[in-house]
Amino acid sequence: MSTHINLKSDLAALTVAGGWFASIPQALREALLVNAEIRTIAAGQRLFARGDAPDGIYCVLTGVVRVTGITENGQEAILAMLESPQWFGEIALFDNEPRTHDAWAESDAKLLRVSQRALEKMLSERPDDWRHFGRLLTQKLRSVFVAMEDIFLLPPTARLARRLLSMAKGYGAWTDHTSRVISISQEQLGLMLSLSRQTVNQSLRELEDAGSIHRHRGSIEMVDLRKLEAAGR
């Protein structure tokens, strides 16, 4: 479902909280908002699937979006859990190729969407703005390389601490991240990190005993990012 955008009620905090959005020129911010629409999707609804034609870029306003890959036998690999004000979907903006992964609403969510056609028109008129979308893309690439390295080099607790820290910082999306509550289960963390649920539970207990986090039902609160950083070394 799509609705017209309400700048005051839905986007007042976006320019303040979103690191990437706050860093781009005012003219580009205004162009994105003018060409945007708001979509609402229900928990469990798929936003797009691997192989779908590109339909633009998105920003999470409320709720959580789960980005996944599915094997031929139906096993899910969770790549990211995206919350406000994270932008995603920019890969297809560059190559105009089909979507690389599935995106699902983990909870009821409200999303900002700028269509592929609108983006192409904007960028044809202002080609210098490509570099700003390039930064958004390379921000994700850096996170992917770090995550791959962690899997091979770090023990479970350090790997988990680093991933929680990255999520607490919104994969670089937030300008203020002194404390965060992440909606995620132990099973989902295990799928993200290639760890068993038992191993995740043990590592979370270690981090909680150290005063880095608090565990809640279906969520994890980051209470001391410095201690979490130390655990990830």
Verdict with supporting geometry, Val114 and Leu33, side chain to side chain contact (heavy atoms under 4.5 Å, CB included)
CA-CA 8 Å; Val114 185; Leu33 298 183; over 6 Å; no
Working for ring pair (Phe, Tyr, Trp, His ring centres under 6.0 Å), residues Phe21 and Trp87
CA-CA 9 Å; Phe21 195 72; Trp87 292 80; 5.5 Å; yes
List the steps and the verdict of side chain to side chain donor-acceptor pair (under 3.5 Å) for Arg215 and Asn201.
CA-CA 10 Å; Arg215 289 182 291 176; Asn201 182 57; 3.0 Å; yes
Does the side chain to side chain contact (heavy atoms under 4.5 Å, CB included) test come out yes or no for Ile91 and Leu137, once each step is laid out?
CA-CA 7 Å; Ile91 292 176; Leu137 179 62; 3.6 Å; yes
Take Glu83 and Ile182 through the test side chain to side chain contact (heavy atoms under 4.5 Å, CB included) and record every step on the way to the result.
CA-CA 9 Å; Glu83 300 181 64; Ile182 299 170; 4.0 Å; yes
Give the intermediate values and the outcome of side chain to side chain contact (heavy atoms under 4.5 Å, CB included) for residues Ile78 and Val67.
CA-CA 6 Å; Ile78 298 179; Val67 180; over 6 Å; no
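Closest non-hydrogen pair, Ala105 versus Ala42, comes out as CB-O, 3.2 Å. Counting all heavy atoms, side chain and backbone alike, Ile24 lies closest to Arg135 at CG2-NH2, 3.9 Å. When all heavy atoms of Glu125 and Lys121 are compared, the pair lying nearest together is OE2-NZ, 2.7 Å. Closest non-hydrogen pair, Asp55 versus Arg99, comes out as OD1-NH2, 2.5 Å. When every heavy atom of Phe133 is checked against every heavy atom of Leu32, the shortest pair comes out as CZ-CD2, 4.1 Å. Taking every heavy atom of both residues into account, Gly232 and Ala161 meet most closely at N-CB, 3.8 Å.
The structure places CG of Asp95 at 11.0 Å from CD of Glu90, a figure rounded to the nearest 0.5 Å. Within the model, atoms CG of Leu225 and CG of Leu164 stand 10.5 Å from one another, a figure rounded to the nearest 0.5 Å. Note that CZ of Arg163 and CE of Met81 are 11.5 Å apart. Values are rounded to the nearest 0.5 Å. The OG1 atom of Thr62 sits 7.5 Å away from the CG atom of Leu111 when rounded to the nearest 0.5 Å. Residue Lys110 holds its NZ atom at 12.5 Å from OG of Ser107, rounded to the nearest 0.5 Å. Here the CG-CG distance, from Asp102 to Leu47, works out to 10.5 Å after rounding to the nearest 0.5 Å.
We find that Arg113 and Glu37 are joined by a salt bridge, their nearest charged nitrogen and carboxylate oxygen being less than 4.0 Å apart. A salt bridge does not link Arg159 to Asp150: none of the charged nitrogens lies less than 4.0 Å from a carboxylate oxygen.
Counted by atom type alone, Thr68 and Arg50 present zero donor-acceptor pairs between their side chains at under 3.5 Å. Using modelled atom types and a 3.5 Å distance limit, the side chains of Asn96 and Gln116 yield a donor-acceptor pair. At a cut-off of 3.5 Å, with distance as the only test, no side-chain donor of Gln202 or Gln198 sits close to an acceptor on the other residue.
Leu189 and Trp104 end up in different hydrophobic clusters when Ile, Leu, Val, Met, Phe, Trp and Tyr side chains are linked at under 4.5 Å.
Looking at heavy atoms from C-beta onward, Tyr58 lies in side-chain contact with Arg39 at the 4.5 angstrom threshold.
No donor-acceptor pair under 3.5 Å is formed between the side chain of Ser203 and the backbone N or O of Val200.
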